[in-house]
Amino acid sequence: MNLYTAPEPEDIERLPAEAVNAKKNRQPLYAARKKVFPKRAEGRFRRFKWFIMLVTLGIYYLAPWIRWDRGPYAPDQAILVDMASRRFFFFFVEIWPQEFYYVAGLLVMAGFGLFLVTSAVGRAWCGYACPQTVWVDVFLVVERAIEGDRNARMKLDSGPWTLEKLRKRLIKHAIWLLIGVATGGAWIFYFADAPTLLTSLLSGSAPVVAYATIGILTATTYVLGGLMREQVCTYMCPWPRIQGAMLDENSLVVTYNDWRGEPRSRHAKKAQTAGQSVGDCVDCNACVAVCPMGIDIRDGQQMECITCALCIDACDGVMDKLAKARGLIAYATLSEYSQNMLQATDGGKTPVQPALVRTPDGSFVASIHHFDWHIIFRPRVLFYAAVWAAIGVGMLVHLALRERLELNVVHDRNPQYVLESDGSIRNGYTLRILNMVPAPRKVNLRLEGLDGATMRIAELSREDGRSFTIDAGPDAATSLKVFVTRHGNAASATGFLFIAEDSEHRDRSIYKATFNSPGETQ
């Protein structure tokens, strides 16, 4: 026997919440900011946001401390942007400056990933993983812990300055500043050995640029995450204005289903007794109270909405209390919503009529459309996914097959050749051998072609030859001055090859060079 009796709509607390960014009272661009005091939400989307926040913050703060053994000749920090050596280390991957196209590829992947996510599930990036969203959540956790939930914070903010209010505000802002310092501190650890840099920071011997970077990032984190909050998303971020081009009628967005919720009433039984139509919305303003952007989702899609879905959690909680089906506010597509609205309005001929979408027992009629997850896998989404995956696979293949030995050659421009007393001709070259492996190795440099020619490398030997073994330093470039001499007569410029090869690692680099003679110079 079920002893639980669902409360009446009028028994649900109506929160005194008004959307700061409501459609009916849009503020001019330069109007003074109206503070938003979001109420703590509970539900599956809030729990998912907690999970994403822990994962993203964990990666950001802990990644510089992960060790990765690359041998004695390379740093053992897994993720490191080594500005001094101009290298980027990411676990087993090492990127040199001339390989910056990998970074460009990652940026292109990030762009297509954003297009993919937005096309499929709207502004999920903004609502869950954007750094602004994550840090605002962290700052709100601190604020709630010190000042209380929504009503307590509003009362404190509007009340006079007392010692208690001053104490709470000082503690809150001090913790916010510490979060900002931790944010800036974590960032600089990506650019130097983290344990060593931490020691020098604490001892006051770190470079000035390290302290300056921490100061700048502390200030920006504090201002953007603690003071400006929703204004960053509304006025500073370009993505709300771009996302419209990424959405289509089958993209999932947070939607108030007014085909089900209208007409709103807090006195459903009285209205029904009087023969009036009543929807499921009891006008409790729970969705407005929890919104961190200060909007009313019942006004429809708005630029300020970051699709965090906290309004869904709030509304579902109210529906549970009223023993009604969840989903009055839900993720829905425009296509699904439009078809249901046509059903509820008799093809657009009348206002919303609850009787058109429900059976006498209160369930939805069979013609009402509900979310089908298959709609996510449509051509547009699949195209973005295919491009994103193709770029990623292409980069991985190129990484796996790339040569870790490079040879660059520059021919002397003045003089282009020297005529020796015995009639032989000498050309000078500057060779740069790049050993992109964090270990020393022996590289064989030889000539191929140019019959009768020999070369001399003063750093290695006074003797001429066609092949020399060079000790290439670990993860470094070795520069050599090479003189190539051709004995006998030569009437024109002749091409030949410099070949650098490490047989042990099976790396090889070939450079096609030109030998200049009196008959013709290049």
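All values reported here derive from a predicted model rather than from experimental measurement.
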- Item | Donor-acceptor contact present, side-chain Asp137 to main-chain Met53, <3.5 Å | no
- Task: Indicate yes or no: at least one non-hydrogen side-chain atom of Phe91 is less than 4.5 angstrom from one of Ile79.
- Result: yes
- Task: Could you tell me whether Tyr331 and Phe371 have their ring centroids closer than 6.0 angstrom?
- Result: no
- Task: Report yes if the side chains of Cys305 and Cys291 come closer than 4.5 Å at any heavy-atom pair, otherwise no.
- Result: no
- Item | Phe191 ring center within less than 6.0 Å of Trp187 ring center | yes
- Item | Heavy-atom donor-acceptor pair, Thr133 side chain to Ala129 backbone, under 3.5 Å | no
- Item | Salt bridge Arg298-Asp258, side-chain N to carboxylate O under 4.0 Å | no
- Message: Between Ser200 (side chain only) and Leu197 (backbone N and O only), is there a donor and an acceptor less than 3.5 Å apart?
- Response: yes
- Note on the structure: In this structure, CZ of Arg260 is separated from CG of Asn340 (nearest 0.5 Å) by 11.0 Å
- Message: Checking side-chain polar atoms at under 3.5 Å, does Gln301 have a donor or acceptor matched by the opposite partner on Tyr256?
- Response: no
- Query: Backbone N or O of Tyr60 within a donor-acceptor pair of the Tyr190 side chain at under 3.5 Å?
  - Reply: yes
- Does any non-hydrogen side-chain atom of Gln132 lie less than 4.5 Å from one of Met236? no
- To the nearest 0.5 Å, what is the distance between CG (Leu166) and CD1 (Ile171)? 9.5 Å
- Task: Taking Arg378 for its side chain and Asn250 for its backbone only, find out whether a donor-acceptor pair lies under 3.5 Å.
- Result: yes
- Message: Looking at every heavy atom in both Ala210 and Leu201, which two are closest together, and how far apart are they?
- Response: CB-CD2, 4.2 Å
- Would Lys324 and Asp280 count as a salt bridge (Lys or Arg N to Asp or Glu O under 4.0 Å) if you check the C-alpha gap in whole Å, the side-chain angles of each, and the deciding distance to 0.1 Å? CA-CA 8 Å; Lys324 294 184 177 182; Asp280 284 350; 3.6 Å; yes
- Centre of Trp96's six-membered ring, under 6.0 Å away, within 45 degrees of the axis: is that where NZ or CZ of Arg87 sits? yes
- Task: Please tell me if the side chains of Phe37 and Leu140 come closer than 4.5 Å, counting only heavy atoms from C-beta onward.
- Result: no
- Pair Asp316 + Lys321: basic N to acidic O under 4.0 Å: no
- Distance-only, no hydrogens or angles: does the Asp82 side chain make a donor-acceptor pair with backbone N or O of Ser85 under 3.5 Å? yes
- Message: So, using side chain to side chain donor-acceptor pair (under 3.5 Å) as the criterion, who are the partners of Asp193 when residues are at least two apart?
- Response: Arg67, Thr196
- Message: Using a 3.5 Å distance criterion without hydrogens, assess whether the side chain of Tyr384 forms a donor-acceptor pair with backbone atoms of Ser119.
- Response: no
- Task: Run the numbers on Arg404 and Glu99 for salt bridge (Lys or Arg N to Asp or Glu O under 4.0 Å), then give the verdict.
- Result: CA-CA 11 Å; Arg404 307 312 293 142; Glu99 297 176 318; 3.2 Å; yes
- Taking all atoms of both residues into account, what is the closest heavy-atom pair of Val357 and Ala344, and its distance? CG1-CB, 3.6 Å
- Test side chain to side chain contact (heavy atoms under 4.5 Å, CB included) on Asn257 and Thr255 and set out the steps. CA-CA 6 Å; Asn257 293 310; Thr255 305; 4.0 Å; yes
- Which of Lys165, Arg169, Lys155 passes side chain to side chain donor-acceptor pair (under 3.5 Å) with Glu147? It is Arg169
- Task: Dump the intermediate steps for side chain to side chain contact (heavy atoms under 4.5 Å, CB included) on Met228 and Tyr235, then the final yes or no.
- Result: CA-CA 10 Å; Met228 295 184 67; Tyr235 300 114; over 6 Å; no
- Message: Would Arg70 and Asp76 count as a salt bridge (Lys or Arg N to Asp or Glu O under 4.0 Å) here? Give the steps.
- Response: CA-CA 6 Å; Arg70 299 185 181 91; Asp76 63 353; over 6 Å; no
- Is there a salt bridge (Lys or Arg N to Asp or Glu O under 4.0 Å) between Glu143 and Arg229 once you walk through the steps? CA-CA 13 Å; Glu143 187 172 82; Arg229 295 185 182 177; 2.8 Å; yes
- Item | Donor-acceptor contact below 3.5 Å, side chain Trp176 vs main chain Phe139 | yes
- Message: Return the CH2 to CG distance between Trp50 and Leu54, rounded to the nearest 0.5 Å.
- Response: 8.5 Å
- Task: Please determine, by modelled atom types, if Thr234 and Glu230 share a side-chain donor-acceptor pair under 3.5 angstrom.
- Result: no
- State, with a plain yes or no, whether a side-chain heavy atom of Ile66 is found less than 4.5 Å away from one of Gln77. no
- Between Met319 and Leu322, is any pair of side-chain heavy atoms under 4.5 Å apart? yes
- Message: Looking at every heavy atom in both Gly184 and Leu217, which two are closest together, and how far apart are they?
- Response: CA-CB, 3.6 Å
- Stepwise side chain to side chain contact (heavy atoms under 4.5 Å, CB included) test for Val397 and Leu401: CA-CA 6 Å; Val397 171; Leu401 300 179; 3.8 Å; yes
- Message: Checking Ser205 against Ser203: is there a side-chain donor and acceptor pair closer than 3.5 Å?
- Response: yes
- Task: Could you tell me whether Glu249 and Arg380 have a side-chain N and a carboxylate O separated by less than 4.0 Å?
- Result: no
- Query: Shortest non-hydrogen contact from Ala286 to Ala314?
  - Reply: O-CB, 3.7 Å
- Item | CE-CG distance between Met154 and Leu156, expressed to the nearest 0.5 angstrom | 12.0 Å
- Euclidean distance, Ile95 CD1 relative to Leu106 CG, rounded to 0.5 Å: 8.0 Å
- Message: Could you check whether any side-chain heavy atom of Arg144 comes within less than 4.5 Å of a side-chain heavy atom of Arg150, counting everything from C-beta outward?
- Response: no
- Step-by-step ring pair (Phe, Tyr, Trp, His ring centres under 6.0 Å) determination, Phe115 to Trp388: CA-CA 10 Å; Phe115 298 160; Trp388 183 85; over 10 Å; no
- Close side-chain approach of Tyr211 and Val208, heavy atoms under 4.5 Å: no
- Item | Check ion pair Arg153-Asp149 (N to O, under 4.0 angstrom) | yes
- Query: Can you name the residues that form a side-chain contact (heavy atoms from CB on, under 4.5 Å) with Ile242, not counting sequence neighbours?
  - Reply: Pro238, Trp239
- When you look at Val253 and Thr307, which way does the side chain to side chain contact (heavy atoms under 4.5 Å, CB included) test go after all the steps? CA-CA 7 Å; Val253 293; Thr307 320; 5.5 Å; no
- Message: Rounded to the nearest 0.5 Å, what separates atom CD in Gln343 from atom NE2 in His369?
- Response: 9.0 Å
- Message: When you measure from the side chain of Asn285 to the backbone of Val288, do you find a donor-acceptor pair of N or O atoms at a distance under 3.5 Å?
- Response: no
- Message: List the residues meeting ring pair (Phe, Tyr, Trp, His ring centres under 6.0 Å) with Phe88, not counting sequence neighbours, and say none if there are none.
- Response: none
- Query: How about Thr183 and Trp135: does a side-chain donor come under 3.5 Å of a side-chain acceptor?
  - Reply: yes
- Query: Has the side chain of Asp313 got a donor or acceptor atom that lies under 3.5 Å from a matching backbone atom of Phe45?
  - Reply: yes
- Message: To check you understand the geometry: which heavy-atom pair defines the closest contact between Leu310 and Pro292, and what is its length?
- Response: CD1-CD, 4.2 Å
